[in-house]
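Presented below is the structure to which this report refers.
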Amino acid sequence: MQITRLKGANYIIPSFQYTNGIIPYKLYKPYQLYQLYKLLFFCIFAFYSTTKNMQLSEQERNRRESLEELRKMGIDPYPAEEFKTNVLSDEVLATFDDEKKNYQDVVMAGRIMSRRIMGKASFAEIQDSAGRIQIYVTRDDICPGENKDFYNVIFKRHLDIGDFIGVKGFVFRTQMGEITVHVRELKILSKSLHPLPVVKEKEGKVYDAFSDPEMRYRQRYVDLIVNPQVKETFRKRTMLIQSMRELFNSRGYLEVETPILQPIPGGAAARPFVTYHNTLNMKLYLRIANELYLKKLIVGGYEGVYEFSKDFRNEGMDRQHNPEFTVMEIYVAYKDYNWMMEFVEEMFEKVALDLHGKTLIPYGDIEIEFKKPYPRITMLDAIKKYSGYDISGMSEDRLREICDKLDIEHDPSMGKGKLIDQIFKEKCEQHFVQPTFVTDYPIEMSPLVKKHRKNPELTERFELIINGEEMCNAYSELNDPIDQLERFKEQLKLSEKGDDEAMFIDMDFVHALEYGMPPTSGLGVGIDRLTMLMTNQPSIQDVLFFPQMRPEGREQGAGGREHRDEFLELGVPEEWIEPLIALGYDTVEKLKEVEKPGKLHQQMMGYRKKNKLEIDTVTLEQVTEWLQ
RNA sequence: GAUUCAGUAGCUCAGUUGGCAGAGCACAUCCCUUUUAAGGAUGGGGUCCUGGGUUCGAGACCCAGCUGGAUCACCA
C-alpha cells in the first residue's frame, strides 16, 4: 500500500478503487471536500426524510405533495429574497378610516390562520407579529391573464393553514363591517408541512383551545402561534426587565456579567449542579448565586453593580421551581437595608405602572396593590403574631419544643436559624398577601448579613413577601472580614451536621473583604416569580419559553437501526426495513418468529398500500425465504 | 421522592354492565362571488401511551412501565 502526496493537495481521503494491491488515494482540496461532505449529508437527509415519510399522517403527506407540485410549477416554496412589508396588522385595524380611504397600497406578510374558499372569491386570515387581519382574494385579481392556475391550483389546492404568504393590495371594509385587505398580488414565502391546531374564537369565547400543558411547553412555538396571550406574557416579561434596567441605569449603576462556571458555588444555600473542566482537571459548579462576585466588584470601587443572571439549583421541580431560573441582584455602596426597602418600593411601583399603567394588579382571585409604601414587620413580631410564641433569645432546644407544640417537622441537622425559618414558613408566610417587608432575620440563617445595629442576635435583612411568596431578599451586607470568616466556619459546622445546603467557604471572598468593602446594601429579586405575579400566570413554566422537561421516552425504533445490517444479510431490501420496523418487527429474531409467511406478506403489502409507498413489492417466495 | 388524576384522529373531547372506534373543527372531492368559531353535500383519516394478564371478546377490568397535571416534601 502506498500513499503519495501531491503538490497543492491539503487533505487525503481514499477513493474506493483497488488495483494491484496499491490503493490509489485521490487528493482533494478543502473546497472539494466540502462538496463531498455536502453530498454525504444530503444522502443521509434524503434517506431520513423518505423513511420519515412513511409514518406521516394523510394531512402531512398532502402538504408534502403540494410542496412538490409548487416546485414543479416553478414556484419556490422557500424563496430567499427579502419581502419588504410596509405596515403591521394592528396599525391597520386601529387606524383605517372609511372616509379617508387610507392604506390603499399596503404590503403585509404573515401566516395563514384560516381560510374560506367560495368559488372565485376567498377569505383568509393572516397573522403577523402584531395580530391577525382578514384578506380577500379573488381569482381575477391575482390572475389577470387567461391562465387562472395561480388561484385555482396554487391558492386553492396547494396553500394550507400555517403557510407564510406576502400580500400587496388595498384595505377596505366588507359588507359585514370587517376591515380587510383586498389582495392584488400574493407571494408564497414559506410552506408549512405540519398542520397547526385550529383555535377559533367568537366574542371572546375560545373554541378547541390548544391547552395540553405538555405540548404547550415542549412545542412552545406552536403555543405562541395559536395562543396570542402567551406572546403577550413573554413581551411583558421583557418589559419588566427593561423597566428595572431603566431604573438602575438612571441611577448610574453598572450592568455587569459574572461567571456562571464557579469553582466554589457561593452566595446561597442550595445544592449545585456539578460539571468538570478537562484542562484544569477540576470540578466546576454552575452558579447558585452571583452575590460574592458582585460584592468583589463593590470592593473594586464601583458605586453600584447589578446583573440579571441565570442561576442553577439542583432541587425539585414544580410550578414554582425550574432548575435554571433568573435572578436580578444589585449591590449599592454606602447604603443600608432601610434605603433598600424604599428602593424596592420605588422599583415595584414603577414596574407595575410600566406594565399595566396602574398599581392594582389582578392575580388569580385576588388583587395586589403595588403602590408604595409597604408595611414592615420584624420576623420575631410576625412569629409572635401568628404562632403566639415569643421566641426571642430562645435556645435551640427550646425552639425544638416549640416546633413540636406547633406540629412543625424538624430534624437534628437543622440549626437554630433553620428552625426559626421553618416556624416562619409554616405559620406566618401565607398571611402576607399584599406586599410586606419582613425584617431582622436571626443571625444563624444569614451568614452574609451585617449584625443588627441594635441586637447582635439579629441581622439587617429583609424579605419582601407577596401572596405568601418570597419576592426579594436584601441586606446590609456584612463587610467585617473577621466576622465573615467566623460565619463561614459556622456554616461548615452545619454542613458537617448533615445540612447539604450550608455554604462553602470562599477564601478569596474573605480576602477581598480584608481589602475593605464600603458599607453596602444588596438585593436579589426572583424575576420568574415576579413575572408570574405581574402577568397573572399560575406556574413558572408559563413564564419560561422552554421550561425544563423530561425527555420524551420514545424509542424511535432504536433497536431497528442497530439491526439494519442483519435485515440486509437476510435479503430484505433496504427500503423495506423501515416498514418492517413500523409493523413491529424491529429485530430479525422477531421477524423469524412469524409462523406463516403469507401473514407477513399481507401485512407488508397492506402497509405499502395504506401509506401509499412507492417502493418495489416483494413476492411471497422472498418472504418465505427470509423466514427459513 | 410520595400520593392522586389523566393519556382515544392534526386539535378539543365523547365512548353506557366488557360486545363493529365516535363527534365537532381540521383535511380531501364536488357545488357556490362577501364569510364572522361553523356556506352546502360527500368522503378519507386511529400503535385507543407502552408491555403483560383476565376473558369467547378489552379503549374500558387487573399488574408493571412511560409522560404530563395537581397536591405534598426539598428549594427561590
Side-chain angles (χ1 to χ4, degrees), chain A residues 55-63 65-66 113-125 134-141 156-157 160-162 172-178 180 182 192-218 222 226 268-271 288-289 311-327 409 411 418 421-422 425 463 465 469-473 499-501 524-530 532 538-541 547 549-555 582-584 610-612:
Chain A
Q55 295 151 15
L56 296 177
S57 72
E58 186 187 6
Q59 288 189 51
E60 289 169 301
R61 280 198 302 270
N62 284 339
R63 284 166 182 244
E65 278 161 22
S66 288
M113 295 306 287
S114 71
R115 223 159 49 120
R116 296 175 293 278
I117 295 173
M118 342 267 290
K120 283 187 288 187
S122 296
F123 284 89
E125 271 181 308
Q134 178 167 273
I135 62 170
Y136 174 60
V137 181
T138 59
R139 187 187 68 191
D140 297 333
D141 276 315
K156 278 166 69 171
R157 292 167 57 101
D160 293 287
I161 290 176
F172 74 111
R173 193 182 291 271
T174 62
Q175 288 170 14
M176 300 304 293
E178 180 153 347
T180 301
H182 188 126
S192 162
L193 296 181
H194 201 94
L196 282 172
V198 178
V199 180
K200 288 185 172 159
E201 196 181 334
K202 189 191 184 184
E203 286 154 15
K205 199 176 169 190
V206 178
Y207 300 79
D208 296 341
F210 177 69
S211 56
D212 179 10
E214 177 171 3
M215 295 191 30
R216 286 185 50 225
Y217 303 150
R218 285 194 198 278
V222 178
V226 301
R271 292 205 296 267
I288 55 173
D311 286 356
F312 304 83
R313 296 189 186 175
N314 210 338
E315 313 271 5
M317 291 163 58
D318 56 38
R319 73 177 176 167
Q320 318 250 10
H321 299 90
N322 193 63
E324 56 181 294
F325 61 105
T326 305
V327 167
E409 281 181 44
D411 64 71
K418 273 218 162 181
D421 193 33
Q422 199 71 2
K425 280 197 171 146
E463 289 190 2
I465 315 266
E469 301 278 347
E470 176 193 342
M471 281 294 146
C472 301
N473 190 354
D499 183 349
D500 57 0
E501 288 163 3
V525 181
I527 295 296
D528 307 297
R529 285 199 181 166
L530 184 57
M532 284 163 63
S539 79
I540 195 169
Q541 283 86 4
M549 308 275 283
R550 267 200 183 77
E552 279 179 294
R554 289 240 158 201
E555 282 147 89
L583 285 167
K610 186 173 144 193
N611 291 287
K612 296 176 184 162

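Order of the sequence lines fixes the chain letters, A, B, ..., with proteins taken first and strands second; residue numbering starts at 1 for each chain.
Within 4.0 Å of R63(A), counting heavy atoms only, lies no atom of the nucleic acid at all. Backbone-only contact: K425(A) has heavy atoms under 4.0 Å from sugar-phosphate atoms and none from a base. At the heavy-atom level, D311(A) lies nowhere under 4.0 Å from the strands shown. The residue E324(A) sits apart from the nucleic acid: no heavy atom pair falls under 4.0 Å. Residue G316(A) is classed as a base contact, given a heavy-atom separation below 4.0 Å to a base. Among the atoms of the strands shown, only primed sugar atoms or phosphate atoms (P, OP1, OP2) are found under 4.0 Å from some heavy atom of M215(A). Looking at heavy-atom distances under 4.0 Å, E469(A) makes no contact with the nucleic acid at all. D421(A) comes within contact range of no nucleotide atom at all, as no heavy-atom separation falls under 4.0 Å. Note on R139(A): nothing from the nucleic acid sits closer than 4.0 angstrom, heavy atoms only.
Using N1 to N3 plus N6-O4 or O6-N4 for Watson-Crick, or N1-O2 and O6-N3 for G-U wobble, each under 3.5 Å, U16(B) pairs with nothing. With a cut-off of 3.5 Å on both Watson-Crick or G-U wobble distances, the partner of A38(B) is given as none. Nucleotide G51(B) has C63(B) as its partner under the Watson-Crick or G-U criteria, with both atom distances under 3.5 Å. For C27(B), the paired base is G43(B) (Watson-Crick or G-U wobble, both distances below 3.5 Å). The partner of A70(B) is U3(B), judged by Watson-Crick or G-U wobble contacts that both fall below 3.5 Å.
Note on R218(A): a side-chain N or O is less than 4.0 Å away from OP1 or OP2 of G68(B). When the side-chain nitrogen and oxygen atoms of R550(A) are compared with OP1 and OP2 of G68(B), one or more of them lie within a distance under 4.0 Å. Between G68(B) and R216(A), no contact under 4.0 Å exists linking OP1 or OP2 to a side-chain N or O. OP1 or OP2 of U29(B) lies within a sub-4.0 Å distance of a side-chain N or O belonging to R157(A). Q541(A) has no side-chain polar atom (N or O) that falls below the 4.0 Å cut-off from OP1 or OP2 of A70(B). Considering only side-chain N and O atoms, K200(A) lies under 4.0 angstrom from the phosphate OP1 or OP2 of A26(B).
Atom CE in M118(A) sits about 9 Å away from atom P in U33(B), given to the nearest Å. Following rounding to the nearest Å, E214(A) (CD) and U12(B) (C1') show an atom-to-atom distance of 16 Å. Distance CZ (R313(A)) to P (A73(B)): 19 Å, rounded to an integer number of Å. One atom, CG of L196(A), and another, P of C11(B), lie 11 Å apart when rounded to the nearest Å. If you take CD of Q175(A) and C1' of U33(B), they are 10 Å apart, rounded to a whole angstrom. In this structure, R115(A) places its CZ atom 17 Å from P of U34(B), rounding to the nearest Å. Here G1(B) presents its C1' atom at 13 Å from CG of D318(A), a figure rounded to the nearest Å. Between I161(A) atom CD1 and C25(B) atom P there is a gap of 13 Å when expressed in whole angstrom units.
Residue R319(A) places its side chain closer to U71(B) than to any other of A76(B), U35(B), U71(B). Across C74(B), U35(B), U12(B), the shortest atom-to-atom separation from the side chain of E315(A) is found for C74(B). For R271(A), whose side chain is taken as the heavy atoms from C-beta onward, the closest listed nucleotide among G69(B), U12(B), C74(B) is C74(B). The side chain of Y217(A) sits closest to G69(B) out of A26(B), G69(B), U67(B). The side chain of K120(A) lies closest to U33(B) when the candidates are A28(B), C74(B), U33(B). Nearest to the side chain of S211(A), among A26(B), U12(B), U34(B), sits U12(B).
The side-chain hydrogen bond (donor to acceptor under 3.5 Å, both in side chains) search around Q59(A) returns none, not counting sequence neighbours.
Closest non-hydrogen pair, P195(A) versus E60(A), comes out as CD-CG, 3.8 Å.
A gap of 25 Å separates the C1' atoms of U34(B) and A28(B), to the nearest Å. Comparing G59(B) with C20(B), their C1' atoms sit 14 Å apart, to the nearest whole Å. Comparing the P positions of A2(B) and U8(B) gives a spacing of 25 Å, expressed to the nearest Å. For the P atoms, the distance linking C49(B) with G10(B) amounts to 13 Å, nearest Å. Only the C1' atoms considered, C27(B) is 38 Å distant from A64(B), to the nearest whole Å.
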Report task. Walk me through it: do H182(A) and T138(A) pass the test side-chain contact (heavy atoms from CB on, under 4.5 Å)? Result -> CA-CA 8 Å; H182(A) 188 126; T138(A) 59; 4.2 Å; yes
Report task. Test side-chain contact (heavy atoms from CB on, under 4.5 Å) on M317(A) and I540(A) and set out the steps. Result -> CA-CA 10 Å; M317(A) 291 163 58; I540(A) 195 169; over 6 Å; no
Query raised in the report: Given the rule in the side-chain contact (heavy atoms from CB on, under 4.5 Å) test, do R63(A) and S192(A) qualify, once you have shown the distances and angles that lead to the verdict?
Result: CA-CA 8 Å; R63(A) 284 166 182 244; S192(A) 162; 3.4 Å; yes
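Side chain of D311(A) to backbone of F325(A): no donor-acceptor contact under 3.5 angstrom is found. Using a distance-only test at 3.5 Å, with no hydrogens or angles considered, no donor-acceptor pair links the side chain of R115(A) to the main chain of D160(A). A donor-acceptor pair under 3.5 Å is absent between the side-chain atoms of R529(A) and the main chain of M471(A), judged by distance alone.
Donor-acceptor pairing under 3.5 Å, judged by distance alone, is absent between the side chain of S122(A) and the base of U35(B). For D212(A) and C13(B), a side-chain-to-base donor-acceptor distance below 3.5 Å is absent, hydrogens and geometry of angles not being considered. For E178(A) and U35(B), a side-chain-to-base donor-acceptor distance below 3.5 Å is absent, hydrogens and geometry of angles not being considered.
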Using atom names, set out every protein N or O paired with an N or O of nucleotides 42-44 of chain B below 3.5 Å, distance rounded to 0.1 Å.
from	atom 1	to	atom 2	distance (Å)
G44(B)	N2	E58(A)	OE1	3.4
G44(B)	N3	E58(A)	OE1	3.4

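The shortest distance between side-chain heavy atoms of N322(A) and D528(A) does not fall below 4.5 Å. Side-chain contact check for M532(A) versus E469(A): every heavy-atom pair is 4.5 Å or farther apart.
Ring pair F123(A)/Y136(A) is tilted by interplanar angle, where 30° to 60° counts as tilted.
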